[in-house]
Amino acid sequence: HTEENCWKKHPEKKGKKKEAREENKVYSAISSQINSLDSWIIDSGASRHLTFDRGQIFDYRAFEKAESTSGITGQLDIFGEGKVNLRCIGNDDIVRTVTLSGVQYAPRASANLLLVFQLQEKGLDFRFPPGTGRALGIEWNKDSPISIFQGTIVSGAFRLHLEGVD
């Protein structure tokens, strides 16, 4: 999601709505420069957390029938969902385990996506300080902010800082 293509800032770029019979799910495309099993992208435009790496998922629940959805790069089949633990590095350099729930498994996805909205629903606050090229996931503890994780812009997307990932 870029400012240049933001529908809120440029409503003329928004396509006409089609009547949908079921929930539309959208997944973003990410440059192959940051595509690896260990990389997670902080995404504000996707519908759900998403991974192409089944090995990261625990408490996995396979769907009876794959759900098809379209993303920017084409059709994706979602085969199930579960939880993923990420060892995130906050801006205080402390490593914290963040457990994502509702992570969908799509082996043909182009990247692992960490959805901003899904975490905001859990009470996490996101900050994208202007001019810094950084993103922060913040938890408020008795009015004191704690940086749970951070990300840095790589190839136009915010890449999550994780323990053991360059």
Side-chain angles (χ1 to χ4, degrees), residues 1-8 13-89 95-126 128 135-137 148-166:
H1 185 103
T2 63
E3 183 175 348
E4 176 182 290
N5 294 319
C6 180
W7 291 349
K8 287 186 179 183
K13 292 188 177 192
K14 187 173 182 179
K16 295 191 179 198
K17 289 186 179 180
K18 295 179 183 176
E19 246 182 74
R21 293 184 184 168
E22 59 184 75
E23 175 187 355
N24 276 337
K25 294 180 182 175
V26 178
Y27 295 94
S28 298
I30 304 299
S31 167
S32 61
Q33 292 177 352
I34 51 179
N35 179 11
S36 80
L37 287 178
D38 297 325
S39 292
W40 281 77
I41 305 306
I42 301 169
D43 193 332
S44 62
S47 299
R48 299 292 302 266
H49 301 311
L50 182 78
T51 185
F52 55 80
D53 181 12
R54 171 64 182 90
Q56 290 192 45
I57 302 175
F58 65 97
D59 290 346
Y60 181 73
R61 180 182 62 86
F63 296 154
E64 286 184 29
K65 180 181 174 191
E67 295 180 5
S68 279
T69 187
S70 44
I72 294 172
T73 58
Q75 198 70 16
L76 280 179
D77 289 328
I78 311 295
F79 292 94
E81 68 180 18
K83 296 179 182 177
V84 170
N85 282 331
L86 299 178
R87 301 274 297 152
C88 300
I89 304 170
V95 177
R96 295 174 178 87
T97 299
V98 174
T99 301
L100 305 177
S101 57
V103 179
Q104 296 191 327
Y105 171 56
R108 294 183 55 188
S110 60
N112 297 313
L113 302 178
L114 176 78
L115 178 60
V116 169
F117 179 72
Q118 212 169 336
L119 290 174
Q120 284 176 321
E121 286 184 321
K122 301 282 185 185
L124 208 61
D125 186 10
F126 280 81
F128 299 89
L136 300 172
I148 302 299
F149 60 80
Q150 62 179 328
T152 306
I153 289 183
V154 178
S155 299
F158 287 99
R159 180 178 173 195
L160 191 63
H161 291 197
L162 296 172
E163 183 179 51
V165 178
D166 292 333

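Here the structure is a predicted model, which is why all the values come from computation and not from measurement. The analysis underlying the following values was restricted to heavy atoms, covering all of them including side chains, and did not include hydrogens, waters or symmetry mates.
Of all heavy-atom pairs spanning Arg48 and Gln118, the tightest one is CA-OE1, 3.2 Å. When all heavy atoms of Gln150 and Leu136 are compared, the pair lying nearest together is CB-CD2, 3.7 Å. Between Ser68 and Gln75, the closest heavy-atom pair is CB-NE2, 3.1 Å. The two residues Phe79 and Pro107 come nearest to each other via the heavy atoms CD1-CD, 3.4 Å. Here the closest non-hydrogen pair linking Val103 and Ile57 is O-CD1, 4.5 Å. The minimum heavy-atom distance between Leu113 and Trp40, with the atom names listed, is O-CZ3, 3.3 Å.
With sequence neighbours excluded, no residue forms a ring pair (Phe, Tyr, Trp, His ring centres under 6.0 Å) with Tyr60. Listed by chain and residue number, nothing satisfies the ring pair (Phe, Tyr, Trp, His ring centres under 6.0 Å) test with Tyr105 (two or more places apart in sequence, or in another chain).
Taking CD1 of Ile41 as the start and CG of Leu160 as the end, the distance is 8.5 Å to the nearest 0.5 Å. Once rounded to the nearest 0.5 Å, the distance linking CD1 of Ile42 with CG of Leu119 reads 9.5 Å. Separation of atoms CG (Leu114) and SG (Cys88) is listed at 7.5 Å; rounding is to 0.5 Å. Atom CG in Asn112 sits 6.5 Å away from atom CG in Asp53 (nearest 0.5 Å). Here the straight-line distance linking atom CZ of Phe126 with atom OG of Ser44 works out to 9.5 Å at 0.5 Å rounding.
Between the side chain of Glu163 and the main chain of Thr97, no donor-acceptor pair closer than 3.5 Å is present. Between the side chain of Asp59 and the backbone N or O of Gly82, no donor-acceptor pair lies under 3.5 Å.
Of the candidates Leu115, Leu76, Asp43, Leu76 is the only one forming a side-chain contact (heavy atoms from CB on, under 4.5 Å) with Leu50. Checked against Ser101 for a side-chain contact (heavy atoms from CB on, under 4.5 Å), the options Glu81, His49, Lys122 give a single hit: Lys122.
In this structure the side chain of His161 reaches within 4.5 angstrom of the side chain of Thr152, judged on heavy atoms. Using a 4.5 Å cut-off on side-chain heavy atoms (C-beta onward), Phe158 and Val116 make no contact.
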